[in-house]
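Quick note: numbers below take in every heavy atom, side chains included, and nothing from hydrogens, waters or symmetry partners.
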Amino acid sequence: MAQSRELPGIIAWLDRASERLGNSLSWLILVMMLIQFLIVVLRYAFSVNSIPMQESVMYMHAAVFMLAAAYTLKHDGHVRVDIFYRAMTPKRKALVDLAGTLFLLLPVMSFVILSSLGYVGKSWAILEGSPDSGGIPGVFLLKTLIPLFAGLMILQALVEAVKNVYVMTGRLAATHDDETHEEHL
C-alpha cells in the first residue's frame, strides 16, 4: 500500500515497527538454516544427535511463521484469489480490503486470542517444558507466540484499515502494483 510517512503518527509508527520486525526476523531464517545444516552434518558425518538444536529450529520456524505474518500482511503477500480483484479500481480494491479486514481478519484474530489464552495460561502456570529429555524447557514461550501472532495481526490490520480508508477518501494514493501479483506457471 502507501508509504508510512504519509500516514498519521501512531499508524505510521506501527507500520514502521511491523517493517522492522519483519526485516529482523529475516535474519532468524538464516540462523535457522545454519543450525539445520549443522544438525544434518553432525548426524550423518559424526552420528551426533542434539535434541536442543532440533527443537531450536522448530522454535525459530514457529517464531518466523507466527511473528512475520503481520509483515506479510503489510506487503500484501498472503494468498488471494484475484479473479475479480485485479481488474478493480484502487478505491474498489481498498473497499474490498477494508471489508475483509473488518469482517474476516479482525474477528478471526480476536477469536484466536480469546481461544488461546486458556491454553497458553495453563502452559505458563506449569512452565511447560519439552516432552523430550534434554529438550528446551520453554514450550510455554513457544505457545505464547499464538496470541502474540494474533495481536500483531490485529495491529497491522488496523494500520491497513486506516490506509484503505485513506485511499477510499483520496487522502492517500494507492500503490497496488499488478506486477507484484503475476501468476507464475
Exercise. Counting distance only, does the side-chain N/O of H78 pair as donor-acceptor with the main-chain N or O of A69 below 3.5 Å?
Worked result: yes
Problem set entry | Path from F149 to L104 over hydrophobic side-chain contacts below 4.5 Å | no
Exercise. Same cluster or not: are V120 and V108 linked, directly or through other Ile, Leu, Val, Met, Phe, Trp or Tyr residues, by side-chain heavy atoms under 4.5 angstrom apart?
Worked result: yes
For this session: Report yes or no: does E55 contribute a side-chain atom to a donor-acceptor pair with the main-chain N or O of G135 at less than 3.5 Å?
Result: no
For this session: List the atom of I146, the atom of S116, and the distance in Å for their closest heavy-atom pair.
Result: CG2-CB, 3.6 Å
Seminar exercise, completed: The reported gap from OG in S18 to CG in L73 (rounded to nearest 0.5 angstrom) is 7.5 Å
Problem set entry | pair M60-I29: side-chain heavy atoms closer than 4.5 Å | no
Exercise. Can you get from L28 to F37 by hopping between Ile, Leu, Val, Met, Phe, Trp and Tyr side chains that sit under 4.5 Å apart?
Worked result: yes
Exercise. Is there a path from F65 to L21 through hydrophobic residues (I, L, V, M, F, W, Y) whose side chains come within less than 4.5 Å of each other?
Worked result: yes
Exercise. Can you find a heavy atom in the side chain of Y71 that is under 4.5 Å from one in the side chain of S26?
Worked result: no
Exercise. For residues D132 and Q54, is any side-chain donor paired with an opposing acceptor at under 3.5 Å?
Worked result: no
Exercise. Judged by atom type as modelled, is there a donor-acceptor pair below 3.5 Å linking the side chain of R92 to the main-chain atoms of M88?
Worked result: no
For this session: Take D15 and Q156, measure what side-chain contact (heavy atoms from CB on, under 4.5 Å) needs, and give me the verdict at the end.
Result: CA-CA 7 Å; D15 206 32; Q156 189 61 42; 3.2 Å; yes
Problem set entry | Closest contact, heavy atoms only, M153 versus A70 | SD-N, 3.5 Å
For this session: Look at K74 together with E19 and state whether they make a salt bridge at an N to O cut-off of under 4.0 Å.
Result: yes
Seminar exercise, completed: All heavy atoms of I154 vs all of M109, minimum pair found to be CG1-CB, 3.6 Å
Problem set entry | Between NZ on residue K91 and OG1 on residue T169, distance to nearest 0.5 Å | 7.5 Å
For this session: Would you indicate whether the side-chain heavy atoms of L158 and L14 approach each other to under 4.5 Å?
Result: no
For this session: For the residue pair V165 and L98, establish whether any side-chain heavy-atom pair is separated by less than 4.5 Å.
Result: yes
For this session: Scan residues 97-134 for pairs that pass ring-ring contact (aromatic ring centres under 6.0 Å, His included), counting only residues two or more places apart or in two chains.
Result: W124-F140
For this session: Any chance you could measure L25, atom CG, to L30, atom CG, to the nearest 0.5 Å?
Result: 13.0 Å
Exercise. L105 and I11: same hydrophobic cluster, using ILVMFWY side-chain contacts below 4.5 Å?
Worked result: no
Problem set entry | Pairwise side-chain contact, F46 with V41, heavy-atom cut-off 4.5 Å (strictly under) | yes
Exercise. Hey, does W27 have a side-chain heavy atom less than 4.5 Å from the side chain of V31?
Worked result: no
For this session: Scan L38, L34, I39 and name whichever one has a side-chain contact (heavy atoms from CB on, under 4.5 Å) with Q36.
Result: I39
Exercise. How far does CZ of R43 sit from CE of M53, to the nearest 0.5 angstrom?
Worked result: 10.0 Å
For this session: For side-chain contact (heavy atoms from CB on, under 4.5 Å), just list the numbers for I35 and S56, CA-CA rounded to whole Å, side-chain angles, deciding distance to a tenth of an Å, and then say yes or no.
Result: CA-CA 8 Å; I35 291 174; S56 72; 3.9 Å; yes
Exercise. Are the side chains of E160 and D97 in touch, meaning some heavy atoms are under 4.5 Å apart?
Worked result: no
Problem set entry | Minimum-distance pair of heavy atoms, taken over all atoms of V167 and P90 | CG1-O, 3.9 Å
Seminar exercise, completed: Rounded to the nearest 0.5 Å, the CZ atom of R20 sits from the CH2 atom of W13 at a distance of 7.0 Å
For this session: Taking all non-hydrogen atoms of both residues into account, name the closest pair between P52 and I136 and its distance.
Result: O-CD1, 3.6 Å
For this session: Please lay out, stage by stage, how I126 and K122 fare under the test side-chain contact (heavy atoms from CB on, under 4.5 Å).
Result: CA-CA 7 Å; I126 62 170; K122 288 176 185 173; over 6 Å; no
Problem set entry | Nearest atoms (heavy-atom pairs only) where I113 meets P147 | CG1-O, 3.9 Å
For this session: Any chance you could lay out the side-chain contact (heavy atoms from CB on, under 4.5 Å) test for L152 and L67, step after step, and finish with the verdict?
Result: CA-CA 7 Å; L152 290 171; L67 300 179; 3.6 Å; yes
